[in-house]
Protein chains: 2
Amino acid sequence: MKITIYDVAKKAGVSTATVSKIINNKGSISEKTRQKVLEVMEGLQYQPSMIASALKGKSTYTIGLLIPDLSNPIFAEYAKYIEERGQELGFSVIMCNTDANPEKEQNYISLLKQKQVDGIIVAARFKNITLLKKLIKEKFPLAIIAKDLPTLPIDSVTVDDYLGGYQVTEYLLSLGHRKIGLIAEGDRSSEERIKGYRQALLDTGIQPVEDLIMICDKPTREFAKHYAEILLDKEKGISAIFGCNDLLAIGAMQAARERGLEIPDDLSVIGFDNTDLSTIVIPSLTTVQQPLRDIGHHVVDLLTEQINGTSRTTHRVVLLPELVIRQTTKQVENKTIE
Amino acid sequence: MKITIYDVAKKAGVSTATVSKIINNKGSISEKTRQKVLEVMEGLQYQPSMIASALKGKSTYTIGLLIPDLSNPIFAEYAKYIEERGQELGFSVIMCNTDANPEKEQNYISLLKQKQVDGIIVAARFKNITLLKKLIKEKFPLAIIAKDLPTLPIDSVTVDDYLGGYQVTEYLLSLGHRKIGLIAEGDRSSEERIKGYRQALLDTGIQPVEDLIMICDKPTREFAKHYAEILLDKEKGISAIFGCNDLLAIGAMQAARERGLEIPDDLSVIGFDNTDLSTIVIPSLTTVQQPLRDIGHHVVDLLTEQINGTSRTTHRVVLLPELVIRQTTKQVENKTIE
DNA sequence: TTGAAAGCGCTAACAA
DNA sequence: TTGTTAGCGCTTTCAA
């Protein structure tokens with residue numbers, strides 16, 4: 001038989017109200033009864049039921065996390081750090097893998113509400129914007145990662161992809177590269193990274209060449225290889241390729257190697273995301289690190305502030321990526337650097 | 001204001017009991033009232049509170065998942081498929097990242113019980129065996145993955161590592177390899193894989209050479225490279241290396257390449273796990289695939305059977321791994337195969 | 001400082 | 001077929 005607050009109260013010779021106060025550190029209790037009750041709780045191995053307390057209107061100390069695909073390492077890391085921070089703050093997280101499917105999103109959200117979660121975190125690639133709007137209207141605690149919806153008043157944490165793209169390009173330029181190919185995936189993050197790439201070129205007085213920008217239909221290594229070959233075929237030889245994620249960059253490396261180019265001697269390559277892949281590959285990949293842990297911790301903080309009513313204003317947190325220089329980048333040879 | 005079963009009952013002109021019966025498809029209700037009530041529920045956008053129904057002793061339709069490290073792709077996949085199957089069966093999953101820390105395990109379990117989860121799934125590397133024993137004694141629904149504790153009566157799903165190791169070795173032998181180095185990590189799975197390796201050798205009439213078995217202190221690529229170098233240094237040249245996971249195998253590949261050996265011409269390499277890494281690397285890695293999805297689905301099934309009281313006997317499910325042949329393995333040259 | 005009692009939203013016996 | 005009602009385990013007001 002599960003033991004309840006009544007058992008504790010009876011055994012300690014006090015009322016349930018007293019026990020409840022002690023559990024929640026409320027009201028004023030004499031040190032003597034407090035000790036007594038604590039002892040009894042210990043002895044009985046009493047665990048208050050969060051269900052009952054939730055029914056009384058208190059928090060469930062549970063949040064929902066909607067993620068498109070856990071098998072994507074980036075998302076898995078988000079999940080990890082969100083859980084980590086949640087745990088620190090006393091919140092459990094219910095994982096929901098949506099496959100970026102609007103219907104699943106719908107179902108999950110409605111389920112989470114039935115379970116009375118205190119708030120919801122949504123990771124990138126969320127499709128069902130209507131749903132988000134509804135939650136906002138209801139003032140349901142909500143925070144999102146990595147997809148800033150400029151038109152919606154939501155707490156969000158984003159990494160500055162624009163800056164990331166800029167940094168990559170700036171670095172390559174500083175190494176003397178002038179023709180820099182780019183291979184991207186067709187999503188919002190990539191767009192920003194491309195903008196940063198363009199801006200860096202412009203800031204150095206170089207007109208971006210559209211032919212050097214390749215958008216993959218799908219972010220696979222095969223596509224990357226394919227487009228890298230096209231880039232490498234162009235008349236005016238490029239000396240560097242920026243892959244908008246590590247996998248794409250690795251595809252480019254492989255394409256280069258297959259036609260006998262040495263990396264980084266004949267071609268510099270930079271990736272994005274600093275996944276495990278970047279250290280597996282040889283030579284190890286220069287790439288951009290997203291502050292995954294910070295991102296995860298930050299969203300949770302934003303969300304719990306809403307839950308606790310600590311915060312009334314909406315925050316858009318933008319975190320900065322960081323260039324991780326490894327072995328696939330090198331000063332350009334046979335060129336005078338101005 | 002949250003709308004409750006009372007609101008529905010009032011608006012539909014029936015009692016809450018009737019509404020409850022309709023929600024749960026119990027008792028007998030005239031088609032007319034059913035329709036009426038359903039309509040009202042729809043109109044009111046009524047969502048029953050699972051909290052309240054849980055307090056009445058019903059299920060929470062929530063299970064806990066304890067995993068050591070979500071940033072390990074294998075575990076992330078477990079999590080993904082467990083969530084997937086849970087979702088299909090109507091269960092949410094609360095993610096708990098334990099870092100294989102017995103205290104965290106303890107805290108999570110106690111928390112999960114407070115939240116009245118219906119059951120708990122524990123993934124490999126669980127430390128706190130005492131805790132498990134306690135849960136079993138309480139008949140708390142429990143199932144584990146990938147770590148069979150021969151002494152405990154727990155539903156478990158395991159992949160047959162022994163067979164995996166056997167298959168790898170058998171395949172290498174069939175290609176004519178006779179001296180096969182092995183690089184392993186120091187865990188239980190590896191032990192089994194090593195046993196399989198030994199057995200396959202013995203079955204072919206070859207006495208396993210202890211010097212060819214290397215156990216890494218930590219499962220990093222660096223250690224793997226280090227031990228691969230030692231293996232490659234041995235007087236009697238080996239012609240193949242079996243890395244007990246993909247990362248180790250890749251370390252071996254790199255060590256080989258650094259001393260000018262061609263893969264697979266001069267050395268065959270096989271990994272284990274069929275992670276993304278195995279297709280990134282060039283040549284792509286021959287490896288062993290674990291049926292991750294099956295594993296995930298199976299544990300959930302075992303657990304929910306316990307929860308529903310459908311099953312009273314304990315199951316140990318053993319799933320079979322599968323050799324995925326790619327480009328790092330090759331028939332041995334300059335040798336007559338018997 | 002303590003306790004009595006109402007009620008959170010739902011379910012399930014039991015009665016009608 | 002439908003409704004009345006007593007809880008599930010807890011919190012909280014209010015009175016003592």
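Here is the naming used below: chain letters follow the sequence lines, and residue numbers restart at 1 for every chain.
When heavy atoms are screened at a 4.0 angstrom cut-off, A/V19 is found touching no nucleic acid atom at all. Within 4.0 Å (heavy atoms only), A/L55 reaches at least one base atom of the nucleic acid. B/S49 comes within 4.0 angstrom of the backbone, heavy atoms only, and of no base.
Within the structure, every side-chain polar atom (N or O) of B/T16 is placed at least 4.0 Å from both OP1 and OP2 of C/dT11. In this model, the phosphate group of C/dT2 is approached by a side-chain N or O of A/S30 to a distance below 4.0 Å at OP1 or OP2. OP1 or OP2 of C/dC10 lies within a sub-4.0 Å distance of a side-chain N or O belonging to B/Y46. Within the 4.0 Å cut-off from OP1 or OP2 of D/dG3, at least one side-chain nitrogen or oxygen of B/S15 is found. A sub-4.0 Å separation between OP1 or OP2 of D/dT11 and a side-chain N or O of A/S20 is present.
Across D/dT4, D/dG9, C/dC10, the shortest atom-to-atom separation from the side chain of B/A17 is found for D/dT4. Picking from C/dG3, C/dC10, D/dT12 the nucleotide with the shortest atom distance to the side chain of B/T4 gives C/dC10. When each of D/dG3, C/dT1, D/dT5 is scored by its nearest atom to the side-chain atoms of B/T18, the top-ranked nucleotide is D/dG3. Taking every side-chain heavy atom of B/K58 into account, C/dT11 is the closest of C/dG9, C/dT11, C/dT2. Closest to the B/N24 side chain, of the nucleotides C/dT11, D/dC10, C/dG3, is C/dT11.
Across every non-hydrogen atom of A/M95 and B/M95, the tightest pair is CG-CG, 2.8 Å. Residues A/E77 and B/S71 come closest through the heavy atom pair OE2-CB, 2.9 Å. Of all heavy-atom pairs between A/P321 and A/P291, the closest is CA-CD, 4.3 Å.
To the nearest angstrom, P of D/dC8 lies 24 Å from NZ of B/K115. Atom-to-atom, CD1 of B/I51 to C1' of D/dG9 comes out at 12 Å; the value is rounded to the nearest Å. If you measure from atom NZ of B/K2 to atom P of C/dG9, you get 8 Å, rounded to the nearest angstrom. In this structure, CD1 of B/I22 is placed 15 Å from C1' of C/dC10, rounded to the nearest angstrom. Rounded to an integer number of Å, the gap from OH of A/Y6 to P of D/dG7 is 11 Å. The CD1 atom of A/I23 sits 10 Å away from the C1' atom of D/dG9 (whole-angstrom rounding). For the pair A/M41 CE and D/dC10 C1', the interatomic distance rounds to 14 Å; values are reported in whole Å. Nucleotide C/dT1 holds its C1' atom 16 Å from the CG atom of A/N25, rounded to whole Å.
For A/K56 against C/dG7, a side-chain N or O and a base N or O form a donor-acceptor pair under 3.5 Å.
Ring pair A/H297/A/Y81 is perpendicular by interplanar angle, where above 60° counts as perpendicular and below 30° as parallel.
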(request) Begin from the C-alpha positions of B/K115 and B/T62 and carry the test side chain to side chain donor-acceptor pair (under 3.5 Å) through to its verdict. (result) CA-CA 9 Å; B/K115 294 206 170 166; B/T62 305; over 6 Å; no
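Looking at which nucleotide of DNA chain C each of B/K21 and B/S53 is closest to, the 5′-most match is held by B/S53. Two residues, B/A52 and B/E31, neighbour DNA chain D, and the one matched to the more 5' nucleotide by heavy-atom proximity is B/E31.
When A/D118, A/D155, A/D301 are each tested for a side-chain hydrogen bond (donor to acceptor under 3.5 Å, both in side chains) with A/Q306, only one passes: A/D155.
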